[in-house]
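Computed from heavy atoms alone, side chains included, the values below leave out hydrogens, waters and symmetry copies. In what follows, chains are A, B, ... by sequence order, proteins preceding strands, each numbered from 1.
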There are 2 protein chains.
Amino acid sequence: MAHEVEMRALAEYLGQHNLKHTKQRELVLAAFLEARRHVSSEDLYQVVREKYPNVGYTTVYRTMKLLVEAGLATERHFDDGITRYEIEHEHHDHLVCIKCGKIQEFECRMIEESQREIAARYGFRILRHRHELYGHCTECSEIADRA
Amino acid sequence: MAHEVEMRALAEYLGQHNLKHTKQRELVLAAFLEARRHVSSEDLYQVVREKYPNVGYTTVYRTMKLLVEAGLATERHFDDGITRYEIEHEHHDHLVCIKCGKIQEFECRMIEESQREIAARYGFRILRHRHELYGHCTECSEIADRA
DNA sequence: TTCGGTGCAAAAGATTTGCATATGT
DNA sequence: ACATATGCAAATCTTTTGCACCGAA
């Protein structure tokens, strides 16, 4: 079984919270880790279904919420209204191609610094943020130019 | 009638597109302009209903989409999944208080510059962006500290 | 044996659509 | 007159919830 670290983290979380270690939770976590991209519950449901057709929608939705609680996943809301998940990691923002849907992560120290400055200016205490740049990626720009 | 400029802009857009100038469209636009904050279609529906109880949900939803087309309003998606609208104007981002819901706009040249730099680095052509900082505003921070 | 988990179906909440009717142009 | 707009109800789409049954501890 791959993903030993994450599987152990899940087991630990479940143990500490008197929750049960089930096949379904393991399957959803594995599918999520293997996806290596921003996936929706629907996406994961489809993947899990291929091998285990008796797993329900509900379980996938509930398990993703659980993984967020456990600190293994982060919820993301892009502009199409569908909730997507990514593997938990900090300090990054997103470039979203509105043609092909590709999502590219980026980091920028300068922006982080500016955010702190803005927060100070308005007396806000920042807990989290969203920063998404929407447009066309290199490939899609080229296609548009040729047309 | 207040909002002469915007009313004229609406009339112009309607004329140019073979659309009709109706009482409902005027009412929704007036309610939107008077709100002076980020409002949802539901909010506007409630306001319009007070004076004109026979206006339907559907008309408000459709009219807000029309106002976006006409360049009078901009659609915003914050993290609660409800679509809100603001008066069209550029170059600003948002501070959102997750306790009281207050939304404060801000502008930052430094961030805009960084965005251009990031776009260049990844070969993206940026068309629009979202940048929202979520946390506690001054008042809500103070209340939390006192507790 | 005992709770928590699962899966189905039904509910929920926001928004859209079909359709008969009403209304600008 | 004619095409578009309206308003209701029903449909949609994503996500959540109720509940009887199942299964991990």
Side-chain angles (χ1 to χ4, degrees), chain A residues 7 10-32 38-70 73 75-85 101, chain B residues 7 10-32 38-70 73 75-85 101:
Chain A
M7 286 298 168
L10 173 61
E12 198 168 308
Y13 180 86
L14 294 173
Q16 288 170 352
H17 293 257
N18 276 9
L19 301 174
K20 289 171 183 170
H21 188 258
T22 66
K23 187 72 181 168
Q24 287 91 328
R25 286 175 172 167
E26 209 170 89
L27 289 170
V28 173
L29 174 55
F32 169 61
H38 298 75
V39 284
S40 63
S41 293
E42 171 71 30
D43 293 335
L44 293 172
Y45 173 71
Q46 295 302 340
V47 171
V48 171
R49 272 268 159 156
E50 277 175 32
K51 293 199 168 178
Y52 305 86
N54 51 329
V55 173
Y57 253 79
T58 318
T59 302
V60 179
Y61 274 96
R62 284 193 281 228
T63 303
M64 289 317 296
K65 292 221 168 291
L66 178 77
L67 296 185
V68 171
E69 288 299 309
E75 221 176 286
R76 292 280 172 190
H77 301 262
F78 297 104
D79 265 350
D80 61 2
I82 296 169
T83 303
R84 288 188 174 69
Y85 296 90
Chain B
M7 286 298 167
L10 173 61
E12 198 169 309
Y13 180 85
L14 294 173
Q16 287 171 352
H17 293 257
N18 274 9
L19 302 174
K20 291 172 183 169
H21 186 256
T22 65
K23 186 73 182 168
Q24 287 91 329
R25 285 175 172 166
E26 209 171 90
L27 288 169
V28 173
L29 174 54
F32 169 61
H38 298 75
V39 284
S40 63
S41 292
E42 171 70 28
D43 293 334
L44 292 173
Y45 172 70
Q46 295 303 341
V47 172
V48 172
R49 273 269 160 158
E50 277 174 32
K51 293 199 170 182
Y52 305 86
N54 52 327
V55 173
Y57 253 79
T58 319
T59 301
V60 179
Y61 274 95
R62 286 194 280 227
T63 302
M64 289 317 295
K65 292 219 169 295
L66 177 79
L67 296 186
V68 171
E69 288 299 310
E75 220 177 285
R76 292 280 171 189
H77 300 262
F78 297 104
D79 265 350
D80 62 1
I82 295 170
T83 304
R84 288 187 174 70
Y85 296 90

Does a side-chain heavy-atom distance below 4.5 Å link A/Met64 with A/Phe32? yes
Would you indicate what A/Thr83 reaches in the nucleic acid, counting non-hydrogen atoms under 4.0 angstrom: base, sugar-phosphate, or nothing? sugar-phosphate
Roughly how many Å is it from OH in A/Tyr45 to P in D/dT14, rounded to a whole number? 13 Å
Using a heavy-atom cut-off of 4.0 Å to chain A, what are the terminal contacting nucleotides of DNA chain C, in 5' to 3' order? C/dC3 to C/dA9
Indicate every side-chain donor-acceptor pair of residues 53-63 of chain A with a distance under 3.5 Å to a residue at least two apart or in another chain.
from: A/Tyr57; atom 1: OH; to: A/Glu42; atom 2: OE1; distance (Å): 2.6
from: A/Thr63; atom 1: OG1; to: A/Thr59; atom 2: O; distance (Å): 2.6

Starting from C1' on D/dT4, measure out to CG on B/Asn18 and report it in whole angstrom. 10 Å
A/Arg76: which residues meet the side-chain hydrogen bond (donor to acceptor under 3.5 Å, both in side chains) condition with it, sequence neighbours left out? A/Glu86
Interatomic distance, A/Glu75 CD vs D/dT15 C1' [rounded to whole Å]: 11 Å
Across the strands shown, which category fits B/Gln24 at heavy-atom distances under 4.0 angstrom: base, sugar-phosphate, nothing? sugar-phosphate
For atom CZ of B/Arg25 and atom P of D/dG7, their distance in whole Å: 11 Å
Side chain proximity check, A/His77 to A/Ile82, heavy atoms < 4.5 angstrom: no
Nearest-angstrom distance from the residue atom CZ of A/Arg84 to P of D/dC13: 16 Å
Which residues pass the salt bridge (charged side-chain N to carboxylate O under 4.0 Å, His left out) test with A/Lys65, sequence neighbours left out? A/Glu75
Check whether any side-chain heavy atom of A/Leu66 lies under 4.5 Å from a side-chain heavy atom of A/Leu14, and answer yes or no. yes
Between protein and nucleotides 20-25 of chain D, what N or O pairs are separated by less than 3.5 Å?
from: D/dG23; atom 1: N2; to: A/Lys20; atom 2: NZ; distance (Å): 2.4

4.5 Å side-chain heavy-atom contact, B/Gln24 and B/Tyr52: no
Less than 4.5 Å apart, side chain to side chain, heavy atoms only: is that true for A/Tyr13 and A/Glu69? yes
To the nearest 0.5 Å, what is the distance between CD (B/Glu12) and NE2 (B/His17)? 9.5 Å
To the nearest 0.5 angstrom, please state how far the CG atom of A/Leu27 sits from the CG atom of A/Leu44. 11.5 Å
Could you tell me if the side chain of A/Tyr85 sits less than 4.5 Å from the side chain of A/Leu67, heavy atoms only? no
Without decimals, in angstroms, what is the distance between B/His17 NE2 and D/dA3 P? 20 Å
Identify, residue by residue, the members of residues 54-64 of chain A with a heavy atom below 4.0 Å from DNA chain C, and return them in order of residue number, or none. A/Asn54, A/Val55, A/Gly56, A/Thr58, A/Thr59, A/Arg62
